[in-house]
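Following: one structure in structure tokens, then a few remarks.
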Amino acid sequence: MLQRLACVTLLALLFLPFVNKAIHIDDVAFLRLGDYFGWNPLQSFPHDYPYQGQAEPLFSAYDATHPLLIPYLLKGLQALFGPAEVPLHLAFMVFPALALWSLVRLARALGDGTNPLPLLVLFGSVPAFVVNGQNLMTDVPTLAFLLAGTAVVAERVQAGDAGSPWWGSLWLGCAVFSSYQALVFVPVLAAFVLAGMPPGALRRRLVLAVLLPAAALLVWLLLVYAVHGVFPLLGGGVRVSVGSEVTRGLQWPVLWPKAIFILAMTGASLAFVLPVRFCLSGAVRPLRAGCVLLGLSAAVFVLAPAESGGLPSRLALAGFGALGLFGLGLAGRELGRWHGAPTTRGMAILCGGWLGMSLLVALVALPFGSARYLLPLLPVLFFVLLRGSASCPPRLPRLGALLLLGAIAWGGLNAWADYTYAGTYRTMAAELAEFRRSLDGDRRIWYIGEWGMRHYFDRAGARYLLAASTEPQPGDFVVIPEMPRFWAPAPELRRRLDFYASREFRSPLPLRLFSRRSGAGFYCHHWGMLPLTFSSAPDEVFVIQEVR
């Protein structure tokens, strides 16, 4: 009952107030994919789709780097409610709710009677989960389906019988049809079943239930290939495909900064978890822990790439990275202890395999470092660090409760910071629409930019400017943002541009999650190596140029 109340409270405090959040980052891509296939998911309507300033001819839904379950859901929601933010976000609140409750079920199945409340609150309020859970992308839905399927499998294994494993198979099927990356967890779950159950028909049945989603996805991919001649995982020859994204992320100038960012984001996510762990266990040696953290900080400081910024940014990055290494090291030690005991060996295989696969995918299979790419890692990492910490001295629970309240408040501040930043494009588009109405004649407004900016600027009547285009005529305007500026106007057009005005948006809260100026790269490490920054820098700056 207490865990259910905590789930409802977290949703009410950290998600419900932000249901009118603007369409943000890659939300627009998933919203638009529904136009590329019919209600029959094997029916395709290819479009010419410009992306990052380049024309992508006859782009198909099957060329996308994700399967179609979430775009299909968004297609249905838009058919009912249109592109209105509130109903879309309200519908997507089911995914954070499913993720939180599934985590409680998983902790109960794997735990030793430990109260899962600290785990629930800490994961439910961590910024990587809260902020991404308010967007319309696949990351939180995939995680929710993964946790739900894993909880069913763990319950069946721990109960010693297969029971009804097909719910687990259904949830895992939803996960792999939401994101191809979910496939890597299928062999981990199969290994957990083989290690945790004695040989026999029940084990074979449960392994079959775990493997069935991967087989279903393969059948789907072959059907698409048979009908359209495109194998979605290979991208059909488009510029951006799964293969091109992996190749881009494996280049050394990207790989090393991405690795440091992964450590820093992990450390930032553990900022409340580690104190709660030590508070509940009562077993901490401050001097020893301080020396280890200092040494790790020095190592990260030396190894941090040049683009990590000046001395303050580099020091902050070293601190976050040290926390990440420290937390992962503690988890590795805990897993080694579990593996040495027969009763917890299966759990060690599940959690160790899950953490290893999460880190491997984030490092080598994804094109950049991002908080949302670490979402699969965090709930299991938190579980490993917090499991077995129920026996605590009587004087410490009050401190633990204060830490949990602090974590919730911190999650709310991060949600507000991102909500404010996302809204800049919606507000600017409204001002732009008003500006268009005041113009005489047939003067047009062009823009450079992607993400939510593209969604709102298109609705305001502005035109997407291709990198090679010289079409803007004298008297037209070109709007160029600071953040989603992936390209510049063509050289010939650039010579005909004169500064007209600029518009700056600055949040009163001095917390930045995604800011080129302050070096915060929550959504992509190319914008900044730090998971967050405390800064008064503008959230966004738009420069408006007039064509002469």
Side-chain angles (χ1 to χ4, degrees), residues 3-4 6-31 66 69-70 73-74 77 85-104 106 119-148 151 171 174-175 178-179 181-182 265 268-269 272-273 358 362 370-382 407-423 451-452 511 513-514 522-524 531-532:
Q3 285 79 36
R4 292 179 183 176
C7 283
V8 172
T9 301
L10 288 171
L11 292 171
L13 291 176
L14 300 179
F15 291 89
L16 196 58
F18 304 101
V19 291
N20 68 331
K21 183 177 181 178
I23 302 304
H24 197 30
I25 306 296
D26 287 338
D27 290 356
V28 62
F30 293 103
L31 285 168
H66 288 79
L69 181 60
I70 299 305
L73 171 63
L74 286 167
L77 290 172
E85 296 90 343
V86 172
L88 291 175
H89 284 110
L90 280 174
F92 263 61
M93 273 183 64
V94 70
F95 298 117
L98 177 62
L100 292 176
W101 187 241
S102 298
L103 182 58
V104 170
L106 181 60
L119 172 65
L120 172 65
V121 172
L122 288 169
F123 179 69
S125 58
V126 72
F129 177 71
V130 172
V131 172
N132 287 296
Q134 297 167 1
N135 296 333
L136 304 176
M137 295 183 276
T138 62
D139 308 280
V140 170
T142 301
L143 176 66
F145 293 138
L146 274 174
L147 289 175
W171 290 126
C174 290
S178 297
S179 175
Q181 283 85 18
M265 181 57 73
S269 301
F272 285 91
V273 176
S358 299
S370 174
R372 60 193 175 108
Y373 291 157
L374 288 180
L375 275 173
L377 172 81
L378 298 180
V380 176
L381 178 60
F382 289 12
I408 294 172
W410 177 241
L413 289 174
N414 280 263
W416 184 21
D418 194 61
Y419 173 87
T420 304
Y421 165 57
W451 307 336
L511 173 63
L513 301 186
F514 203 37
F522 183 89
Y523 284 108
C524 178
L532 58 96

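Values reported hereafter were calculated over all heavy atoms of this structure, with side chains retained and with hydrogens, waters and symmetry mates removed. Being a predicted model, the structure only gives us computed values, none of them experimental.
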- Residues Val273, Leu119; criterion side chain to side chain contact (heavy atoms under 4.5 Å, CB included); working and verdict: CA-CA 8 Å; Val273 176; Leu119 172 65; over 6 Å; no
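Taking CZ of Arg372 as the start and CG of Asn135 as the end, the distance is 8.5 Å to the nearest 0.5 Å. Atom-to-atom distance recorded for Ser178:OG and Leu143:CG is 11.0 Å, nearest 0.5 angstrom. Rounding to the nearest 0.5 angstrom, the gap separating the CG atom in Leu10 from the CG atom in Leu120 is 5.5 Å. For the atom pair NE2 of His66 and CG of Asp26, the computed distance is 8.5 Å after rounding to the nearest 0.5 Å. Rounding to the nearest 0.5 angstrom, the gap separating the OG1 atom in Thr9 from the CD1 atom in Ile408 is 7.5 Å. Here the CG-CD1 distance, from Leu88 to Ile23, works out to 6.0 Å after rounding to the nearest 0.5 Å.
Using the six-membered ring where Trp is involved, Trp171 and Phe145 have ring planes that are parallel, under 30° apart on the 30 and 60° scheme. Using a 30° and 60° split on the angle between ring planes, Phe15 and Phe129 fall in the perpendicular class, above 60°.
Between the Asp418 side chain and the Asn414 main chain, no donor and acceptor come within less than 3.5 Å of each other. Looking only at distances, a side-chain donor or acceptor of Gln134 sits under 3.5 Å from a matching main-chain atom of Leu14.
Using a 4.5 Å heavy-atom cutoff, the side chains of Phe123 and Leu103 are in contact. A 4.5 Å side-chain heavy-atom check between Val19 and Glu85 finds every atom pair outside the cut-off. With contacts defined as side-chain heavy-atom distances shorter than 4.5 Å, the pair Val130/Trp410 does not qualify. Leu73 places a side-chain heavy atom less than 4.5 Å from the side chain of Phe92. Within the 4.5 Å cutoff, no side-chain heavy atoms of Gln181 are placed close to those of Thr142. The shortest distance between side-chain heavy atoms of Asn20 and Tyr419 falls below 4.5 Å. Contact check for Met265 versus Tyr373: no side-chain heavy atoms found under the 4.5 Å cut-off. Between Phe30 and Leu136, the closest side-chain pair of non-hydrogen atoms is not below 4.5 Å.
Taking each heavy atom of Leu98 and Ala148 in turn, the nearest pair found is CD1-CB, 4.1 Å. When all heavy atoms are compared, the tightest approach of Ala362 to Leu374 is CB-CD2, 3.9 Å. For Pro141 against Phe95, the heavy-atom pair with the smallest separation is CG-CD1, 3.6 Å. For the pair Ala97 and Leu11, the tightest heavy-atom approach, listed with the atom from each and the gap, is CB-CD1, 3.6 Å. Closest of all the heavy-atom pairs between Val121 and Ser125 is O-OG, 2.7 Å. Taking every heavy atom of both residues into account, Ala144 and Ser102 meet most closely at O-OG, 4.2 Å.
A salt bridge does not link Asp27 to Lys21: none of the charged side-chain nitrogens sits closer than 4.0 Å to a carboxylate oxygen.
Between Tyr523 and Asn132, the side chains place no donor N or O within less than 3.5 Å of an acceptor N or O (distance only, hydrogens not considered).
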